[in-house]
Enquirer: 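Got a structure here, written out as structure tokens. Questions coming.
Both backbone and side-chain heavy atoms feed into the values below; hydrogens, waters and symmetry mates do not. Just so you know, ligand 1 is whichever comes first in the structure, and atom 1 is the first atom listed for that ligand. If you're wondering where the values come from, they're calculated on a predicted model, not measured in any experiment.
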Amino acid sequence: MHAHETTAATAGSPVGSARDWWEQRYAERDGIWSGRVNAVLADVAAALAVGRALDLGCGEGGDVVWLAEQGWDALGIDLSVTAIERGSRASVSAGVDERTAFVAADLARWETAARFDLVTASYLQSWPVEIPRAEILRRASGFVAVGGHLLVTAHAAPPHDDLPAEMQEYRFPTPDEDLAALQLDDAWEVVAAELRPRTATTPEGDPHEVLDSVVLVRRTR
Ligand SMILES: C[S@@+](CC[C@H](N)C(=O)[O-])C[C@H]1O[C@@H](n2cnc3c(N)ncnc32)[C@H](O)[C@@H]1O
């Protein structure tokens, strides 16, 4: 397990590196995400044959654990050591740790010789410290096996009304922008590049509408 430093892309930002910012965020409380699988991933993966999966920016491992429960061998990568430790513990609790691995690393630099049947990124978005997201996604397309899929799910609009000031500046990606960022050649087919509305639940249990950008592509050769 190794971790790297990410340089803050926000000039003059007082918050330091993206890794520091995310560590701070995870340290605020035990478990900042629900631990449940993201709906788009569950929907997409249900239609695929199980194999090897890679989760980019896996956070506390909800998607990795779910994938392993469905029979996938799943590897999660995240900048935050705290998040990675939580993911590892969650996979032990779920009894799927033999099919999961978690690595703390910066995806802008992380390398692997492995190829995956599914590479997924759920809300790999960072504010107020930006990350080289387009570059990370473009590099990640190189980790997809022939016949495999790359799924990029992103908030296409603010996920809740109560936006902190630093988030007001954040530009949410469109499906076309995320697809263009991948710079795919003709070895790929586009399965979907679309906006999908979804009903989410606030921590208080209230339902509200959110909008996801979903890009699903398949490497054909
Ligand atoms: C909005 S959270 C999403 C977490 C998880 N995918 C989920 O859906 O619950 C974004 C995650 O990306 C991670 N992240 C941000 N930049 C990263 C980078 N350069 N390399 C690896 N992980 C990164 C953060 O630490 C954070 O856990």
Side-chain angles (χ1 to χ4, degrees), residues 1-10 13 15-45 53-67 74-88 90-91 100-112 118-140 143 150-160 163-164 166-167 170 172-173 178 181 196 198 200-201 203 210 212-214:
M1 189 182 282
H2 50 276
H4 300 291
E5 196 72 11
T6 290
T7 307
T10 309
S13 166
V15 290
S17 72
R19 191 180 67 174
D20 290 347
W21 189 81
W22 279 102
E23 272 302 334
Q24 222 173 315
R25 176 98 203 271
Y26 282 107
E28 279 166 15
R29 60 177 200 269
D30 275 352
I32 67 172
W33 310 118
S34 70
R36 291 190 299 276
V37 64
N38 283 297
V40 172
L41 172 64
D43 187 42
V44 167
L54 170 65
D55 187 9
L56 309 170
C58 64
E60 295 162 332
D63 286 352
V64 172
V65 168
W66 181 86
L67 284 163
L75 168 62
I77 310 286
D78 202 281
L79 262 187
S80 162
V81 173
T82 303
I84 285 297
E85 287 171 350
R86 288 178 187 164
S88 298
S91 74
T100 64
F102 291 89
V103 173
D106 184 344
L107 285 161
R109 297 184 235 179
W110 181 75
E111 277 293 352
T112 181
L118 173 62
V119 175
T120 173
S122 295
Y123 314 104
L124 179 65
Q125 291 165 281
S126 186
W127 55 80
V129 184
E130 285 186 20
I131 54 173
R133 185 170 173 275
E135 184 192 333
I136 289 172
L137 296 176
R138 194 164 56 246
R139 290 181 79 243
F143 304 148
L150 171 62
L151 171 65
V152 180
T153 307
H155 294 296
H160 46 77
L163 285 188
E166 69 267 15
M167 210 173 132
Y170 183 77
F172 291 88
D178 269 0
R196 287 197 195 176
R198 173 170 63 86
T201 313
V210 294
D212 290 331
S213 161
V214 178

Enquirer: Where does W110 meet ligand 1, judged by heavy-atom distances below 4.0 Å: at the side chain, the backbone, both, or neither?
Expert: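 Contact part for W110 vs ligand 1: neither.
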Enquirer: May I ask you to decide if Q125's main-chain N or O and R133's side chain share a donor-acceptor pair within less than 3.5 Å?
Expert: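 It does not hold such a pair.
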Enquirer: Would you indicate which of V37, L79, D78, I131 comes nearest to atom 13 (C) of ligand 1 when only heavy atoms are counted?
Expert: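 Heavy atom nearest to atom 13 (C) of ligand 1 belongs to D78.
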Enquirer: Output yes when a side-chain donor or acceptor of E60 lies under 3.5 Å from a complementary backbone atom of G35, and no otherwise.
Expert: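 Pair absent, no side-chain N/O of E60 close to backbone of G35.
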Enquirer: Y123 versus ligand 1: do any nitrogen or oxygen atoms come within less than 3.5 Å of each other?
Expert: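 Y123 vs ligand 1: no N/O contact under 3.5 Å.
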Enquirer: Below a 4.0 angstrom heavy-atom separation, can you tell me which part of A83, side chain or backbone, both or neither, approaches ligand 1?
Expert: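 It is neither part, as no heavy atom is under 4.0 Å.
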Enquirer: Give a yes or no on whether R36 atom CZ has more than 12 heavy-atom contacts from other residues, nucleotides or ligands under 6.0 Å away.
Expert: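 Check fails, neighbour count at 12 or below.
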Enquirer: Quick one: which ligand 1 atoms are inside 4.0 Å of a heavy atom on A105?
Expert: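 Answer for ligand 1: 20 (N), 21 (C).
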Enquirer: For the 3.5 Å polar cut-off, considering only N or O atoms, please tell me whether D106 and ligand 1 meet it.
Expert: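 N/O-N/O distance below 3.5 Å exists for this pair.
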Enquirer: Does L107 reach ligand 1 with a nitrogen or oxygen that is under 3.5 Å from one of the ligand's nitrogen or oxygen atoms?
Expert: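 Yes, at least one N or O pair falls under 3.5 Å.
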Enquirer: For the pair R139 (side chain) and W110 (backbone), establish whether a donor and an acceptor sit closer than 3.5 Å, ignoring hydrogens and angles.
Expert: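 Yes, because the side chain of R139 sits within donor-acceptor range (under 3.5 Å) of the backbone of W110.
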Enquirer: Ignoring hydrogens and geometry, is there a side-chain-to-backbone donor-acceptor pair from R25 to I32 under 3.5 Å?
Expert: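 Here the side-chain-to-backbone pair does not exist.
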Enquirer: Answer yes or no: is there a donor N or O on one side and an acceptor on the other, between the side chain of N38 and the main chain of D63, under 3.5 Å?
Expert: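 Checked: no pair found.
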Enquirer: Assign the ring pair H155 / F172 to parallel, tilted or perpendicular, where the plane angle (0 to 90°) is split at 30° and 60°.
Expert: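 Because their plane-to-plane angle is over 60°, the rings of H155 and F172 count as perpendicular.
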Enquirer: Could you check whether any side-chain N or O of D78 sits under 3.5 Å from a backbone N or O of S80, counting only pairs where one atom can act as donor and the other as acceptor?
Expert: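 Yes, because the side chain of D78 sits within donor-acceptor range (under 3.5 Å) of the backbone of S80.
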Enquirer: Could you say whether the N/O atoms of N38 and ligand 1 ever approach to under 3.5 Å?
Expert: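 Yes, since at least one N or O of N38 sits under 3.5 Å from an N or O of ligand 1.
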Enquirer: Could you tell me whether some N/O pair between D55 and ligand 1 is separated by less than 3.5 angstrom?
Expert: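 No, D55 has no N/O under 3.5 Å of an N/O on ligand 1.
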Enquirer: Taking non-hydrogen atoms only, is I136 closer than 4.0 angstrom to ligand 1 via side chain, backbone, both or neither?
Expert: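 It is the side chain that touches ligand 1; the backbone stays farther off.
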Enquirer: Ligand 1 versus W33, non-hydrogen atoms closer than 4.0 Å: side chain, backbone, both, neither?
Expert: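 Looking at W33 and ligand 1, just side chain atoms fall under 4.0 Å.
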Enquirer: Would one find an N or O of G57, backbone or side chain, under 3.5 Å from an N or O of ligand 1?
Expert: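 There is such a contact, yes.
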